[in-house]
Participant: 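First the structure, which I've put down as structure tokens, then a few questions once you've had a look.
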Amino acid sequence: MRVAEKLKQISQQINEACINVHRNADEVKLIAVTKYVSTERAMEALEAGIENLGENRDEGLLEKWEVLKDKPHWHYIGTLQTRKVKNIIDKVEYIHSLDRLSLAEEINKRANHKVKCLVQVNVSGEDSKHGLSPEDTISFIESLRPFENISVEGLMTMAPFTNDEQLLRDCFRKLRELRDQVQANQLDFAPCTELSMGMSNDFTIAIEEGATMVRIGTSLVGEDG
């Protein structure tokens, strides 16, 4: 199926989820995760009207950058190794996976502009997932105050892969409540307005719980072809 057809379906689902909780669909940024598809398929996504592309490896981002340049808004959504920061820092608009001080130090050192970062939180507590514990998140954000090239735009999490809707809602709600706590501190370097949560299998639930960014790969760009 063409990306444009899939986008029509996804957009309808986003609209319906927003209607359910009296939100405006314009509040939700759709990020097409292109990590498993070719540059040609990513180009097709752009031509279909998708403005935000997400990659989780520097090699994949750099490969697509050679062709697409800055036509999309690039989001780095995967675990970012400190030594790889220099490869992507001048190409991405958002980094969704800030989770440790050494990474913040490298981003701050390598950037010549203010980088929009999301702090990754492991709300579910699963060993297989990266991110800070909810308990450590606020103190970590406060430790970022000295870094003039980092703006904490929000929080990101990956929910458990499950069909248990209540478990998913609890996970997304906890991230939203944590985001609200950060906002209440009124930190000028951490406006923390964004919630990056929800993927192909759970994005409608995430939207109903407050997501402002959803990261959708398989059901939107799918396999090449």
Side-chain angles (χ1 to χ4, degrees), residues 1 3-37 41-42 44-46 48-56 60-61 72-79 92-98 116-124 129-131 152-180 191-222:
M1 188 185 293
V3 174
E5 297 173 67
K6 294 186 175 188
L7 176 59
K8 187 175 181 181
Q9 295 175 354
I10 296 289
S11 297
Q12 182 60 36
Q13 291 175 277
I14 290 173
N15 285 328
E16 289 172 358
C18 286
I19 289 169
N20 288 342
V21 290
H22 310 291
R23 293 184 66 193
N24 190 319
D26 291 341
E27 298 172 14
V28 180
K29 188 172 287 163
L30 174 61
I31 302 168
V33 179
T34 53
K35 62 182 180 179
Y36 292 128
V37 300
R41 189 70 162 175
E44 185 187 336
L46 285 181
I50 297 169
E51 299 177 346
N52 297 276
L53 299 185
E55 286 285 330
N56 75 329
L61 192 150
H73 300 289
W74 289 105
H75 297 249
Y76 193 90
I77 61 175
T79 301
V92 299
E93 185 168 339
Y94 285 89
I95 294 173
H96 288 233
S97 49
L98 177 55
K116 297 176 181 178
C117 293
L118 305 180
V119 171
Q120 184 169 353
V121 185
N122 184 359
V123 177
S124 68
K129 290 187 168 58
H130 292 271
V152 181
E153 296 292 309
L155 305 178
M156 183 273 261
T157 199
M158 296 179 66
F161 190 79
T162 177
N163 292 322
D164 186 336
E165 181 176 328
Q166 193 55 52
L167 185 60
L168 292 169
R169 286 194 184 280
D170 289 345
C171 181
F172 295 140
R173 190 176 299 122
K174 286 176 183 176
L175 193 74
R176 186 188 73 229
E177 291 170 350
L178 187 59
R179 187 275 314 268
D180 293 348
C192 212
T193 57
E194 304 286 0
L195 281 176
S196 173
M197 58 189 195
M199 300 189 291
S200 289
N201 62 306
D202 57 18
F203 71 92
T204 57
I205 297 171
I207 289 170
E208 290 177 353
E209 295 300 334
T212 64
M213 295 177 171
V214 291
R215 313 178 302 271
I216 304 180
T218 307
S219 60
L220 180 56
V221 290

Participant: Applying side-chain contact (heavy atoms from CB on, under 4.5 Å), can you list everything that pairs with K8, at least two apart in sequence or on another chain?
Facilitator: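 Per chain and number, K8 pairs via side-chain contact (heavy atoms from CB on, under 4.5 Å) with no residue.
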
Participant: For Y76 and E55, indicate whether the former's side chain and the latter's backbone hold a donor-acceptor pair under 3.5 Å.
Facilitator: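 Answer holds: no.
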
Participant: Quick one: does any side-chain atom of T157 pair with a main-chain N or O of M197 as donor and acceptor, under 3.5 Å?
Facilitator: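 Side chain of T157 to backbone of M197: no pair is present.
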
Participant: Please enumerate all residues that pass side-chain hydrogen bond (donor to acceptor under 3.5 Å, both in side chains) together with T193, with sequence neighbours excluded.
Facilitator: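 side-chain hydrogen bond (donor to acceptor under 3.5 Å, both in side chains) list for T193, sorted by chain: empty.
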
Participant: Checking T212 now: which residues fulfil side-chain hydrogen bond (donor to acceptor under 3.5 Å, both in side chains) with it, not counting sequence neighbours?
Facilitator: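 Counting only residues at least two positions away or on another chain, T212 forms a side-chain hydrogen bond (donor to acceptor under 3.5 Å, both in side chains) with E194.
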
Participant: Only counting residues at least two apart or in another chain, list the ones meeting side-chain contact (heavy atoms from CB on, under 4.5 Å) with N20.
Facilitator: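 Per chain and number, N20 pairs via side-chain contact (heavy atoms from CB on, under 4.5 Å) with E208.
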
Participant: Looking only at heavy atoms, what is the nearest atom pair of A45 and V3, with distance?
Facilitator: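 Heavy atoms of A45 and V3 come nearest at CA-CG1, 3.8 Å.
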
Participant: Using the side-chain hydrogen bond (donor to acceptor under 3.5 Å, both in side chains) criterion, which residues pair with Q13? Sequence neighbours excluded.
Facilitator: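 For Q13 there are no side-chain hydrogen bond (donor to acceptor under 3.5 Å, both in side chains) partners, ignoring immediate neighbours.
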
Participant: Would a 4.5 Å heavy-atom cut-off, applied to side chains only, mark C192 and L155 as touching?
Facilitator: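 Of all side-chain heavy-atom pairs linking L155 with C192, at least one is under 4.5 Å.
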
Participant: If we only count heavy atoms from C-beta on, is the K129 to S124 side-chain gap below 4.5 Å?
Facilitator: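 They are in side-chain contact.
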
Participant: Could you report the tightest heavy-atom contact between I207 and I14, atom names first, then the distance?
Facilitator: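 Heavy atoms only, the tightest pair is CD1-CG1, 3.8 Å.
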
Participant: Please report the closest heavy-atom contact between T34 and A42, naming both atoms and the distance.
Facilitator: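 The answer is CG2-CB, 4.0 Å.
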
Participant: Within a reach of under 6.0 Å around NE2 of H73, are more than 12 heavy atoms found that belong to other residues, nucleotides or ligands?
Facilitator: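 More than 12 heavy atoms, drawn from other residues, nucleotides or ligands, come within 6.0 Å of this atom.
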
Participant: What pairs with Y94 under ring-ring contact (aromatic ring centres under 6.0 Å, His included), at least two apart in sequence or on another chain?
Facilitator: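 Y94 satisfies ring-ring contact (aromatic ring centres under 6.0 Å, His included) with H75 once adjacent residues are dropped.
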
Participant: Decide if atom CD of E16 counts as having more than 12 heavy atoms of other residues, nucleotides or ligands within a radius under 6.0 Å.
Facilitator: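 Enclosed: over 12 neighbouring heavy atoms sit under 6.0 Å from CD of E16.
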
Participant: Please report the shortest heavy-atom distance between I77 and G54, naming the atom on each side.
Facilitator: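 Residues I77 and G54, closest heavy atoms: CD1-C, 4.3 Å.
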
